[in-house]
Amino acid sequence: MRAQEVLAALKEALGDGFRDGEIRTRTVGVKSPQTIEEVWGRIDRGVLLPAVRALKDLGPLHISIISGADVGEEIELLYHFAVGFGTEGGEVMVTLKLTIPKSDPVVPSLCEVLPGAETTEREKIEFLGVRFEGIPDSRHLFLPEDMEVHPWRKDEPELAGLVKRKVKWEERDG
Amino acid sequence: MGELAKAFEIPIGPVHPALKEPIRFTFRVEGERIVGVDIKPGFAHRGIEFMGLHRNLVQVLYLAERICGICSISHPVALVQAVENAAGIEVPPRAQYIRVIVAELERIHSHLLWAGVAAHELGFDTLLHLTWKVRERVLDILEELTGNRVNYAIPIYGGVRRDITPEQYPRVQEMIRYYRGLFEELCDRFLNDASVEARTRDVGVLEPDEAEALCAVGPTARASGLRKDVRQDWPYLVYGDLGIKAITPEDYGTEPRGDVYDRIVVRLLEVAQSIDIIERCLEEMPEGEITFIPKIPALLAQLKKAEGEGIGRHEAPRGEVIHYVRLEAGKEEPVVWKVKAPTYSNLMSWYPMFEDQEIADIPIVAASIDPCMCCMDRVHLVRGGREELVWKEELLKLSREKTRKMALGNG
Amino acid sequence: MKLSSFKRALWVFHVASGSCNGCDIEIVAALTPRYDVERFGIRLVGTPRHADVLLVTGPVTRPMAERLRRVYEQTPDPKAVVVVGGCGSTSGVFYESYNVVGPVDEIIPVDVYVPGCPPRPEAIIDGVVKAVAKLEKLEAGETV
């Protein structure tokens, strides 16, 4: 499968919901160099499920991970998929970015289309405070159930209290 | 009898003598049958990604290496690729070959380690000692090439830290001959042994469609017949040149059944595959530089200027590792760093595997995906649990009694 | 040290308190034929209640701190605690995290430190041997 096909399929399925679509290429190998193509793009949360369905129609779909970051007033989620997982030399990495406001951190869950996404979605619940609509199990996975702090958020004043400092530079300097 | 008397809950973990790592399982059992399982990881969570966001990239590399002591090259290889892709750094050809050689040596040591642990879980300690004895040979070579038995510190952004010198070649080749000579015996000991077969055939089955839906990776997926291997599907380093094919039980001449036995088959065949890869790399490896920028301060200065994002992937012994890194100009630390270890993907596949198994099969089924909690738990805390200490030993005893009973039945 | 130190078999319990697996694997390696600690009567047991020595690896994560304390309390006296690895001894690279509360000596009393990342199996055996000496002194009523 080529990255072009993936990009075209996403554009067709999502229309205006898919923006900044690009193909990033680089060459790997020494004796017989090959070109590796990656698809990157930005989507709205409303078209997340259609996007995943469109990718799934292209071949065996694997979700590698959902990365996330706190970018000020918003949370950015990056869905890393491997489309055509298990086809020799034919796997395309697709990264779909979407931003959600901190005031309303809700995205649809992928579990209905891709049950394997549950682990990574549960991780985002505890670490970024994102809510997934339709996730079968939303308990904390790695952090305790009563831990309210989301370690990857930058607006968590309580987090500093949990961090154990070896050297208290502030006191030393003062 | 009321409902209450029918189903029991057995908590196991987080302190397990056999797995060596903390995780908690809660099994619901009816008699000897498992009807449900709940898994709670997170005991080894050290918050590595969080720490990484407050350190410079070279320090992050040390952290990445200590995500897991068994995959201590898999995580750095994925991380350096992610950073190289983000910063547009070229890696000299020789360095790419050296990375592949060390990564494959690690696969040999990891698979042999697993095979030994699996034998131990079955109560076959002689086999544990045999496999771990032969495993020492690859550790000797790793120590020779990198200076340490574990945590090799080989990859650096844009290259590797140590070259393989001409006098080391014969020693590596000798190791290759040693394992080739031993391979048949090892396969015979594991795969033609009646008690191993009785305990692992049709135990902990993962159907191919389940493996695909649950996004299983590595030998766990391949044992179910899915030809998924990052080295084959998404060429990186020199793996594209080597023409690697994913291994499934079909290569052993049997139909994949996705059980524990098949997972042993896949891992043993991959040891042979890794030996071939190392031999070819030694032959093909060109002379030349091994780093892009040899001096660390210059490298850090270059990385500080870099801006961009990148993905690095690697097929670790247990499956796909992926790192995502985002760099911003003027910052020494990564702005975003996300790590995914193979067990993270394979966690979900435990649910169908445990379904309808016997309590005595818990240790071998749990071990069969080659779980690595420390990898998975990088980011993670748990509470509660009172009754969790002594169970595992009891369980191991049960597992061993089952082997004994089966052996008596057969013989 | 004289071999008379090994007048009885020493049973060891291993606790991983959030380690990276490197030390844990080296502990197992110490049991297998090349290093073979069982020739000294040292063996790994499955419960702290049978143990003379605790081998602790890892920087101690927040959830494991409580459990480590309980394992320590369950180990009968006289007991010795050996910390295996750099991160258990000093926290090592795992500093300044919200989930690391170690090093081990801030949670339970430690007798012997084995530094290294990871220490070689020989070093781990040496650590246990030093712990034996300490146990014997304690048994004889000497202070250490």
Side-chain angles (χ1 to χ4, degrees), chain B residues 14-22 42-48 50-51 54-55 59 62-63 65-72 109 113 116-117 120 128-133 135-136 139 143 148-151 372-375 377 379-383 385-386 388-390 392-394 396-397, chain C residues 12-36 38 44-51 57-68 70-71 74 85-87 91-102 116-121:
Chain B
V15 181
H16 277 215
L19 258 180
K20 305 284 160 235
E21 286 176 282
F43 294 91
H45 169 56
R46 289 150 282 164
I48 287 186
F50 174 85
M51 288 187 264
H54 300 89
R55 302 193 190 172
Q59 291 172 314
Y62 283 90
L63 269 178
E65 197 160 283
R66 282 154 186 80
I67 289 171
C68 173
I70 307 178
C71 317
S72 58
H109 112 67
L113 180 155
V117 171
H120 170 74
L128 158 77
H129 288 290
L130 176 82
T131 29
W132 280 60
K133 185 185 141 218
R135 173 179 168 265
E136 286 294 328
L139 289 179
E143 191 176 4
N148 204 0
R149 286 161 55 90
V150 181
N151 292 350
C372 188
M373 298 329 140
C374 52
C375 276
D377 289 355
V379 218
H380 314 274
L381 228 145
V382 184
R383 61 176 209 138
R386 251 145 268 117
E388 63 242 340
L389 273 174
V390 187
K392 180 73 187 193
E393 200 186 41
E394 208 47 27
L396 210 57
K397 219 171 84 196
Chain C
V12 173
F13 182 71
H14 165 227
V15 200
S17 69
S19 71
C20 80
N21 235 346
C23 301
D24 314 49
I25 295 306
E26 292 296 75
I27 290 172
V28 182
L31 297 174
T32 52
R34 180 175 294 180
Y35 303 99
D36 192 16
E38 286 207 19
L44 219 56
V45 290
T47 156
R49 296 190 199 276
H50 298 165
T57 57
V60 191
T61 57
R62 198 177 291 275
M64 286 309 286
E66 158 67 19
R67 291 172 171 87
L68 183 59
R70 286 208 351 245
V71 168
Q74 287 174 348
C87 58
S91 276
V93 293
F94 304 118
Y95 56 88
E96 295 183 4
S97 161
Y98 53 89
N99 213 25
V100 174
V101 296
C117 192
R120 297 182 58 87

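A, B, ... follow the sequence lines: proteins, then strands. Residue 1 opens every chain.
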* Asked: Would you call B/Glu136 and C/Pro33 a side-chain contact if the rule is heavy atoms closer than 4.5 Å?
  -> no

* Could I get the full list of side-chain contact (heavy atoms from CB on, under 4.5 Å) partners for C/Cys23, not counting sequence neighbours? => C/Thr57, C/Val84, C/Pro118, C/Pro119

* Asked: In terms of heavy-atom pairs under 4.5 Å with chain C, which of B/Gln59, B/Arg55, B/Glu143, B/Lys133 leads?
  -> B/Arg55

* Asked: Can you name the closest pair of heavy atoms from C/Phe94 and B/Arg66 and give their distance?
  -> CZ-O, 3.5 Å

* Separation of C/Glu26 CD from B/Leu139 CG (nearest 0.5 Å) -> 6.5 Å

* **C/Tyr35 atom OH, over 12 foreign heavy atoms within 6.0 Å** => yes

* Asked: For B/Arg149, is it the side chain, the backbone, both, or neither that has a heavy atom closer than 4.5 Å to a heavy atom of chain C?
  -> side chain

* To do: Output all residues satisfying side-chain contact (heavy atoms from CB on, under 4.5 Å) with B/Leu128, sequence neighbours left out; order by chain, then residue number.
  => B/His120, B/Asp125, B/Trp132

* Asked: Is there a side-chain contact between B/Val150 and C/Ile25 (heavy atoms, below 4.5 Å)?
  -> no

* Hey, what do you get for OG (C/Ser97) to CE (B/Met51), rounding to the nearest 0.5 Å? -> 4.5 Å

* Atom OG1 of C/Thr32 and atom NE2 of B/His129: how far apart are they, to the nearest 0.5 Å? -> 7.0 Å

* Proximal component of B/Glu65, with respect to chain C [non-hydrogen, under 4.5 Å] -> neither

* How long is the span from the CZ atom in B/Arg135 to the CZ atom in C/Arg34, to the nearest 0.5 Å? -> 10.5 Å

* How long is the span from the CD1 atom in B/Ile67 to the CG atom in C/Asn21, to the nearest 0.5 Å? -> 13.0 Å

